[in-house]
Amino acid sequence: MQIVLQRSLDDAAQQGRAATLVADGDQERVEISLVEIDSIGCAFDRLIYRAARLNQLDAKQLRAIGAQLAQRVNYLLEPLRTIEMDGSASTLQLRSEQPQKCENGKRYYEVFAQTGLIRLCRYEKIAGQARACVPANVTREVLMQLVCDLSALNRG
């Protein structure tokens, strides 16, 4: 899956345009909605990871997934921590532990896990307005590491 994704990133960078990248692996799939890309970095507004292993998680396993994500994904702008867990609905939500302050509000990462998928987005919350999804700016290397770390969850 990583090789296919790397080639897709290279192709998108050569064309210099936004793209939706999809890469399949062994019972897993990643979908990345790129807003911008160049030879070094990219901006995405949504990353969705799907895996067969995530289809049958009980509350204890879901909590373990959250702990693994918070421990492994420690290279984003802000560390992640679990903020909500609903075992009966099999959902888990992680957010930036300390959001980044911006001019009129804050920005933060949010990871939402539910049956079969994990979704990562970056949000901006401006005082008096509803939160909005904003592009997450990362290097291509960080994006590939993120996909590798999500894929490691599928292997247990």
Side-chain angles (χ1 to χ4, degrees), residues 1-25 28-51 53-54 62 64-86 91-155:
M1 180 169 76
Q2 284 83 7
I3 293 170
V4 171
L5 184 57
Q6 186 65 55
R7 286 184 188 143
S8 296
L9 283 170
D10 292 343
D11 290 345
Q14 281 185 336
Q15 295 174 14
R17 64 177 173 81
T20 298
L21 307 181
V22 178
D24 293 312
E28 63 184 344
R29 168 179 269 207
V30 66
E31 302 165 20
I32 303 168
S33 177
L34 289 178
V35 178
E36 293 181 57
I37 185 164
D38 61 29
S39 62
I40 297 171
C42 60
F44 67 91
D45 63 6
R46 181 181 66 253
L47 185 152
I48 297 174
Y49 176 78
R50 300 176 191 277
R53 180 175 181 266
L54 300 174
L62 193 58
I65 291 281
Q68 289 172 21
L69 279 170
Q71 181 180 21
R72 291 181 84 103
V73 182
N74 58 7
Y75 42 82
L76 296 174
L77 289 173
E78 309 96 18
L80 298 171
R81 73 174 172 88
T82 299
I83 62 160
E84 190 174 341
M85 158 84 183
D86 184 344
T91 61
L92 172 73
Q93 188 177 29
L94 292 92
R95 280 198 186 148
S96 298
E97 191 167 25
Q98 293 185 346
Q100 177 187 34
K101 293 184 178 169
C102 59
E103 191 173 314
N104 296 321
K106 58 187 174 181
R107 289 184 177 180
Y108 56 92
Y109 286 99
E110 181 176 275
V111 176
F112 184 76
Q114 66 186 51
T115 303
L117 71 85
I118 296 172
R119 182 184 67 236
L120 175 93
C121 295
R122 185 147 179 88
Y123 289 97
E124 180 176 72
K125 174 65 174 112
I126 296 175
Q129 297 179 17
R131 74 179 187 164
C133 183
V134 296
N137 295 296
V138 297
T139 64
R140 289 171 56 177
E141 184 177 349
V142 165
L143 182 61
M144 291 302 297
Q145 183 62 51
L146 184 56
V147 171
C148 287
D149 287 339
L150 290 170
S151 188
L153 298 174
N154 191 43
R155 295 187 296 276

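When all heavy atoms of Val4 and Val22 are compared, the pair lying nearest together is CG1-O, 4.5 Å. When every heavy atom of Ala13 is checked against every heavy atom of Asp38, the shortest pair comes out as CB-O, 3.7 Å. The two residues Leu80 and Ala70 come nearest to each other via the heavy atoms O-CB, 3.5 Å. Heavy-atom minimum distance, Val111 versus Leu69: CG1-CD1, 4.0 Å. For the residue pair Ala23 and Met1, the shortest heavy atom distance occurs at O-SD, 3.5 Å.
To the nearest 0.5 Å, the span separating CG on Leu34 from CG on Leu143 amounts to 7.0 Å. The CZ atom of Arg50 sits 13.0 Å away from atom CG of Leu150, with the distance rounded to the nearest 0.5 Å. Expressed to the nearest 0.5 Å, how far CZ of Arg17 lies from CD1 of Ile37 amounts to 10.5 Å. Within the model, atoms SG of Cys102 and CD1 of Ile126 stand 6.0 Å from one another, a figure rounded to the nearest 0.5 Å. The CD1 atom of Ile83 sits 11.5 Å away from the CD atom of Glu97 when rounded to the nearest 0.5 Å.
Side-chain contact between Leu5 and Ile32 is present, with heavy atoms from C-beta onward closer than 4.5 Å. Side-chain contact between Tyr123 and Cys133 is present, with heavy atoms from C-beta onward closer than 4.5 Å. Counting heavy atoms from C-beta outward, Leu54 and Ile65 have side chains that approach closer than 4.5 Å. Side chains of Asp45 and Cys121 form no contact here, defined as non-hydrogen atoms less than 4.5 Å apart.
In summary, the side chains of Asp86 and Thr91 do not present any donor paired with an acceptor at a separation below 3.5 Å, with no hydrogens or angles considered.
Ser96 contributes a side-chain N or O that, together with a main-chain N or O of Tyr109, makes up a donor-acceptor pair within less than 3.5 Å. Remark: the backbone N or O of Leu146 is paired with a side-chain donor or acceptor of Tyr75 at under 3.5 angstrom. Under the 3.5 Å distance criterion, the side-chain polar atoms of Ser151 are left unmatched by any main-chain donor or acceptor of Val147.
Sequence neighbours left out, the pairs with a member in residues 137-146 that pass side-chain hydrogen bond (donor to acceptor under 3.5 Å, both in side chains) are Asp10-Arg140, Gln145-Asp149. Residue pairs meeting the salt bridge (charged side-chain N to carboxylate O under 4.0 Å, His left out) criterion with at least one member in residues 118-131, sequence neighbours excluded, are Glu78-Arg122, Arg107-Glu124, Glu110-Arg131.
Contacts of Arg29 classified as salt bridge (Lys or Arg N to Asp or Glu O under 4.0 Å), with partners at least two apart in sequence or in another chain: Asp24.
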